[in-house]
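All remarks here apply to the structure that follows.
Remember, it's a predicted structure, so these values are computed and weren't measured experimentally. The chains referred to below are lettered A, B, ... by the order of the sequence lines, with proteins before strands, and numbering in each begins at 1.
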Number of protein chains: 2
Amino acid sequence: MTSTVDRILEAAEARVRQAGYHGFSFRELAADVGIKSASVHHHFPTKEALIAHLTAHYRGKFKEELASLPVGRARVAAYRAMFREQLELGFGMCLAGMLGAESEELPDSVAEETRRFFDMLVADLTDTLENDSGEPRRAAIAIIAQLEGAMLLARASGSIKHFDDATERLEKLI
Amino acid sequence: MTSTVDRILEAAEARVRQAGYHGFSFRELAADVGIKSASVHHHFPTKEALIAHLTAHYRGKFKEELASLPVGRARVAAYRAMFREQLELGFGMCLAGMLGAESEELPDSVAEETRRFFDMLVADLTDTLENDSGEPRRAAIAIIAQLEGAMLLARASGSIKHFDDATERLEKLI
DNA sequence: GTCTATAATTTGATAGAC
DNA sequence: GTCTATCAAATTATAGAC
């Protein structure tokens, strides 16, 4: 049995990943969970607080998943498989990717948590590539950009094939 | 002297590129132009009609700019410079990139125009790379994804340096 | 072509009962 | 912790005067 807070976070994640920060209301979110919007406000006072918390939570979940991935060059392929699976399951954009696109017009706390997500990702991949790349940090940034852009393009085109095409030679960026 | 329609399109482009489809209202848009929201509705009956038209218009403008770019491999570097300049001037995401991220929850006509933008871009770059790549279409898709993802990452991180890092070895994708 | 006025609905958020 | 009820503001959109 999952707590109400967890169910709110799960529903909010789905909503943001499909439609962005401004693309859904507290009422829609509450309906997803099976409660009323006032009950959502009981757990998260404002939309800003909810999405900032969600983004930090997403970063934590993501970091946990990273812990189980292989090290070295193989980790890049595992990143690719992770992103692809999210697309294939219909989960929408990466949460931080969606918020990153909108970030200039988002509340500060949300933009800040989004920034921290990418800092974490860049750090993880930079560490990973330290022995495989002359410029590990630059390679890490290029790979993350490629994955986010491939997701975006696949959604825009309505075809997961675009993700596969865009990332097939991902390791050339190392 | 620009027409009211052109000023509406210009303001709408800026709004969508910063905040997305749901991130602004007709009243804000009208204020940008210096008119009332009812006057915006006179030119574009609905938000869907406005943004669908805007996206088709953006595709046309983009295609015109492409006409002045060099051919062959040098065109890839010119693409990169184009995208970078937009970021540097504070123009936000690529319009189609922003709408592509949100596309699953957008009105059909808007999603369709967004798809057509990327079809056009992929076709242009595929033609360009025909003599320089064994898989010109796949290379084209990879390059476009890289550029869109680099914009997204630069915005999320608040640093144009991330765009430069992500795209420095863009030609490796050819 | 632009305006004022307004309709009908939705939004984020709060008060207070249970 | 959830609800009903409600608020004030904002939203997309329309009617009709000028």
Side-chain angles (χ1 to χ4, degrees), chain A residues 1-57 95 98-99 102-103 105-114, chain B residues 1-55 57 98-99 102-103 105-111 113:
Chain A
M1 39 167 281
T2 38
S3 70
T4 301
V5 164
D6 284 347
R7 279 153 56 223
I8 291 171
L9 289 173
E10 194 178 349
E13 180 182 327
R15 287 279 180 180
V16 174
R17 290 176 65 173
Q18 292 294 353
Y21 185 92
H22 299 101
F24 69 99
S25 70
F26 263 49
R27 274 175 181 74
E28 291 171 314
L29 188 61
D32 293 342
V33 176
I35 57 179
K36 297 295 176 179
S37 71
S39 301
V40 179
H41 280 286
H42 171 75
H43 297 285
F44 300 98
T46 64
K47 195 175 192 182
E48 170 173 1
L50 167 59
I51 306 302
H53 183 97
L54 168 65
T55 307
H57 177 77
L95 179 85
M98 180 66 87
L99 295 174
E102 303 173 311
S103 63
E105 291 291 318
L106 293 180
D108 286 347
S109 64
V110 177
E112 168 65 13
E113 291 298 343
T114 303
Chain B
M1 40 166 281
T2 37
S3 70
T4 301
V5 164
D6 284 346
R7 278 152 58 221
I8 291 171
L9 289 173
E10 193 178 351
E13 180 181 327
R15 288 280 180 180
V16 174
R17 291 176 66 173
Q18 293 295 351
Y21 185 92
H22 299 101
F24 70 99
S25 70
F26 264 48
R27 273 178 181 72
E28 291 171 314
L29 188 60
D32 293 342
V33 176
I35 58 178
K36 297 296 176 178
S37 72
S39 301
V40 178
H41 280 286
H42 172 75
H43 296 285
F44 300 99
T46 65
K47 196 175 190 179
E48 171 173 0
L50 166 60
I51 307 301
H53 184 97
L54 168 64
T55 308
H57 176 77
M98 179 66 87
L99 294 174
E102 304 173 311
S103 64
E105 291 289 318
L106 294 180
D108 286 347
S109 64
V110 177
E113 292 296 344

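For the OP1/OP2 pair of C/dC3 and a distance below 4.0 Å, the side-chain nitrogens and oxygens of B/Ser39 include at least one atom meeting the criterion. Between B/Thr4 and the phosphate of C/dT2, there is a side-chain N or O to OP1/OP2 separation shorter than 4.0 Å. Checking the phosphate oxygens (OP1, OP2) of D/dT12, a side-chain nitrogen or oxygen of B/Lys47 falls inside 4.0 Å. Between B/His42 and the phosphate of C/dC3, there is no side-chain N or O to OP1/OP2 separation shorter than 4.0 Å.
Scanning for side-chain hydrogen bond (donor to acceptor under 3.5 Å, both in side chains) contacts around A/Glu13 gives A/Arg17, A/Lys61, with sequence neighbours left out. Take B/Ala12 and apply the side chain to side chain contact (heavy atoms under 4.5 Å, CB included) test, not counting sequence neighbours, and it matches B/Leu29, B/Leu50, B/Leu54. Among residues two or more places apart in sequence or in another chain, the salt bridge (charged side-chain N to carboxylate O under 4.0 Å, His left out) test is passed with B/Glu10 by none. Residues passing the side chain to side chain contact (heavy atoms under 4.5 Å, CB included) test with A/Ala31, sequence neighbours excluded: none. For the ring pair (Phe, Tyr, Trp, His ring centres under 6.0 Å) test, no residue two or more places apart in sequence or in another chain qualifies with B/His43.
One can place NE2 of A/His41 at 7 Å from P of C/dT14, the figure rounded to the nearest angstrom. Separating the CD1 atom of B/Ile35 from the P atom of C/dT4 is a distance of 12 Å, rounded to the nearest angstrom. Atom C1' of nucleotide D/dT12 and atom CD1 of B/Ile51 are separated by 13 Å, given to the nearest angstrom. Nucleotide C/dT11 holds its P atom 15 Å from the CG atom of A/Leu50, rounded to whole Å.
Contact record, A/Leu106 with A/Leu99: CD1-O, 3.4 Å, taken as the closest heavy-atom pair. A pairwise comparison of heavy atoms in A/Ala30 and A/Ser37 identifies CB-N, 3.5 Å as the closest pair.
For residues 31-41 of chain A, the set of pairs meeting the salt bridge (charged side-chain N to carboxylate O under 4.0 Å, His left out) definition, not counting sequence neighbours, comprises A/Arg15-A/Asp32.
Proximity of residues 5-31 of chain B to DNA chain C (heavy atom under 4.0 angstrom from any strand atom) is restricted to B/Arg27.
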Return a table of donor-acceptor pairs under 3.5 angstrom between the side chains of residues 19-27 of chain B and protein atoms on other chains or two or more places apart.
from	atom 1	to	atom 2	distance (Å)
B/Tyr21	OH	B/Glu48	N	3.3
B/Ser25	OG	B/Arg27	N	3.4
B/Ser25	OG	B/Glu28	N	3.2

Which protein N or O atoms sit under 3.5 Å from an N or O of nucleotides 15-18 of chain D?
none

